[in-house]
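The structure under discussion appears below in the form of structure tokens.
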Amino acid sequence: MNSLIFIFLVVLAPHVVLSRGIKRSEEITLFDQNYKVTWGANHVINQGKEIQLTMDNSSGSGFASKINYGSGFFHMKIKVPGRNSAGVVTAYYLMSEGNNHDELDFEFLGNSEGKSYSLQTNVWTNGEGGREQRIQLWFDPTSNFYEYKILWNQHQIVFYVDNIPIRIYKNNNNIGVGYPTKAMQIQASLWNGENWATDGGQTKINWTYAPFKANFQGFDVSGCESQTLIDPNCVSDHFWWNNKSFWQLDSTSQKQYENVKIKYVTYDYCKDRERYPTSPIECLH
Ligand SMILES: *[C@@H]1O[C@H](CO)[C@@H](O)[C@H](O)[C@H]1NC(C)=O
Ligand SMILES: *[C@@H]1O[C@H](CO)[C@@H](O)[C@H](O)[C@H]1NC(C)=O
Ligand SMILES: *[C@@H]1O[C@H](CO)[C@@H](O)[C@H](O)[C@H]1NC(C)=O
């Protein structure tokens, strides 16, 4: 793109929009305001309001938020690699630093051309994961940008795909179920997961299709800044995502969630009796 036009779009356009009286929240937040590239810098294209991560046989790439958060309603628009993406994992997640970490994951498990993507979610608390669930998406995530969101407050964690809840993890800490206690950083990455991601690791990456490309948009963050442990301020109802209306799903969302469970869930650790002969406690609630 001509650099003058680019400067106009990025720097001036939001103000043009503002002067027409459109509300402030539509102002576009640029990548560099809240995020930084963390690895594979020469495999990242930063266009300000959009980032492209690429992966070839020399490297993948990733980015992360500049600060950590102790609660929030996080979102990212993502377009995942198309064509043959077997073994390629696109991830969008929250993760704490150090030992016994907490982590909330979206992982797109690439597939052979023509086969649909699986979207895996996982919840790690105090260094323990193993809570995988997978759904088949009802659209083609390679064809366009779709929005993926994670609500995290002291009552529940909800994963959303385009505003439809696909997974709920309740805070059942009072009966001994792990729940995140540490501040987390927002992360995104494109990496080689051929050892496990597709057909349990049997279908490897076909490098003929490299470089693989994943695109990201939406760099504004609704989150409460926090250091290592969750700042007590982050649980206050000054933050809208902690408000009572976010303690549980409303009836419309609940119906959408039930529908996803019936139609699109392809794997649920709660139902995997071979792996967990006794159901994990959180699965009973
Ligand atoms: C990586 O890919 C490049 C370009 O396709 C190719 O020339 C090179 O031989 C590959 N390297 C390895 C280690 O496979
Ligand atoms: C990789 O893809 C190319 C192009 O479709 C195909 O010719 C080749 O056989 C594939 N390689 C493997 C190992 O499947
Ligand atoms: C919390 O939500 C209620 C309605 O659900 C609303 O009336 C109230 O203003 C909200 N409070 C805050 C602090 O956002």
Side-chain angles (χ1 to χ4, degrees), residues 1-3 6 31-32 35-65 76-93 95 103 105-122 129-130 132-148 161-162 166 185-217 219 264-269 272 274-275:
M1 200 188 300
N2 178 307
S3 64
F6 184 68
F31 177 83
D32 295 327
Y35 290 92
K36 61 189 180 189
V37 172
T38 44
W39 59 286
N42 58 0
H43 287 66
V44 181
I45 299 169
N46 180 349
Q47 292 186 293
K49 58 188 170 125
E50 183 169 329
I51 279 280
Q52 184 175 73
L53 297 183
T54 66
M55 179 173 78
D56 59 21
N57 63 9
S58 69
S59 181
S61 48
F63 64 85
S65 59
M76 188 65 70
K77 286 185 177 153
I78 307 172
K79 188 172 144 200
V80 300
R83 302 193 63 195
N84 189 332
S85 57
V88 178
V89 176
T90 310
Y92 168 54
Y93 57 108
M95 189 167 84
E103 182 177 329
D105 297 312
F106 274 116
E107 290 169 320
F108 298 85
L109 311 182
N111 217 338
S112 308
E113 195 156 10
K115 290 198 192 171
S116 58
Y117 261 76
S118 277
L119 174 57
Q120 173 164 292
T121 54
N122 200 357
E132 294 88 354
Q133 288 185 4
R134 265 173 244 141
I135 64 166
Q136 215 65 57
L137 292 167
W138 50 89
F139 53 84
D140 175 6
T142 72
S143 68
N144 217 327
F145 285 93
Y146 290 90
E147 193 163 43
Y148 304 92
V161 170
D162 263 355
I166 61 152
Q185 188 181 27
I186 310 167
Q187 309 252 6
S189 57
L190 183 65
W191 51 282
N192 181 342
E194 67 179 1
N195 290 334
W196 64 278
T198 308
D199 304 325
Q202 289 175 56
T203 308
K204 304 294 183 191
I205 293 177
N206 184 336
W207 294 104
T208 311
Y209 293 92
F212 302 97
K213 298 170 181 174
N215 295 283
F216 300 81
Q217 294 177 347
F219 303 118
Y264 301 108
V265 173
T266 56
Y267 175 81
D268 183 355
Y269 78 110
D272 191 340
E274 253 173 70
R275 194 174 166 204

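This one's a predicted model, so the numbers in the text were calculated from it and none came from an experiment. We use all heavy atoms of the structure for the numbers below, so side chains are in, but hydrogens, waters and symmetry mates are not. Whatever order the structure lists ligands and atoms in, that order sets their numbers, starting from 1.
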Aromatic rings Tyr264 and Trp138: how do their planes relate, parallel, tilted or perpendicular, breaks at 30° and 60°?
-> tilted
Ranked by distance from atom 13 (C) of ligand 1, the top protein heavy atom is Asn57 ND2, 4.3 Å
With a 4.0 Å cut-off, strictly under, does atom 7 (O) of ligand 2 pick up any protein heavy atom?
-> no
Please determine if Lys79 and Glu50 form a salt bridge, counting it only when a charged side-chain N lies under 4.0 Å from a carboxylate O.
-> no
Could you check if a side-chain atom of Trp207 sits within less than 4.5 angstrom of a side-chain atom of Phe212, using non-hydrogen atoms only?
-> yes
Can you tell me the protein heavy atom closest to atom 10 (C) of ligand 2 and the distance?
-> Asn206 ND2, 2.4 Å
Salt-bridge criterion met for Lys77 and Glu147 (N-O under 4.0 Å) = no
Among all protein heavy atoms, pick out the one at the shortest distance from atom 5 (O) of ligand 2; state its residue, atom name and that distance to 0.1 Å.
-> Tyr209 OH, 2.8 Å
Among Thr90, Thr142, Asn215, which one satisfies side chain to side chain contact (heavy atoms under 4.5 Å, CB included) with Pro81?
-> Thr90
Return a yes/no value: protein heavy atom under 4.0 Å from atom 3 (C) of ligand 1?
-> yes
